[in-house]
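The first residue in the sequence is number 1, and the count goes up from there.
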Amino acid sequence: MSQHRSLRASSTLGAKRNVLKRFERVELMRKRSQWTEGRRVTGLPKTKPEE
């Protein structure tokens, strides 16, 4: 007997996200050494998520 896919646990779905939240983009830019302190968080460049 199979289980409907909407009833699976959320951890098994694991969809890839293409849009990051602002704080995630800042963290990723810091990790990549693209962030300078004192920079405004608005108008950030597009940041592709890690693969």
Side-chain angles (χ1 to χ4, degrees):
M1 181 173 169
S2 64
Q3 185 179 29
H4 192 268
R5 68 181 188 171
S6 66
L7 300 175
R8 291 183 187 166
S10 63
S11 62
T12 59
L13 297 176
K16 182 183 174 188
R17 295 174 53 211
N18 291 326
V19 178
L20 299 176
K21 296 189 184 235
R22 185 170 289 156
F23 76 92
E24 293 171 327
R25 292 166 63 187
V26 170
E27 286 178 7
L28 191 60
M29 289 177 69
R30 281 187 177 145
K31 193 175 179 181
R32 294 177 181 170
S33 302
Q34 297 174 336
W35 180 258
T36 55
E37 291 301 322
R39 183 177 178 172
R40 292 179 177 232
V41 294
T42 56
L44 294 174
K46 290 185 178 181
T47 308
K48 292 193 175 194
E50 293 177 318
E51 295 182 18

Problem set entry | Least distance between heavy atoms, Trp35 atom then Arg30 atom | CD1-NE, 3.5 Å

Exercise. Can you name the nearest heavy-atom pair linking Val26 to Val41, along with the distance?
Worked result: CG2-CG1, 4.2 Å

Problem set entry | Results of side-chain contact (heavy atoms from CB on, under 4.5 Å) for Arg17 - residues two or more places apart only | Lys21, Glu24

Exercise. Say you draw a straight line from CE of Met29 to OG1 of Thr36; how long is it, rounded to the nearest 0.5 Å?
Worked result: 7.5 Å

Problem set entry | Spatial distance of atom CD (Gln34) from atom CG (Leu28) [nearest 0.5 Å] | 7.5 Å

Problem set entry | Any donor-acceptor pair under 3.5 Å from Arg39 side chain to Leu44 backbone | no

Exercise. Going by heavy atoms in the side chains, are Arg32 and Glu50 under 4.5 Å from each other?
Worked result: yes

Problem set entry | For Ser6, side-chain hydrogen bond (donor to acceptor under 3.5 Å, both in side chains) partners two or more places apart | His4

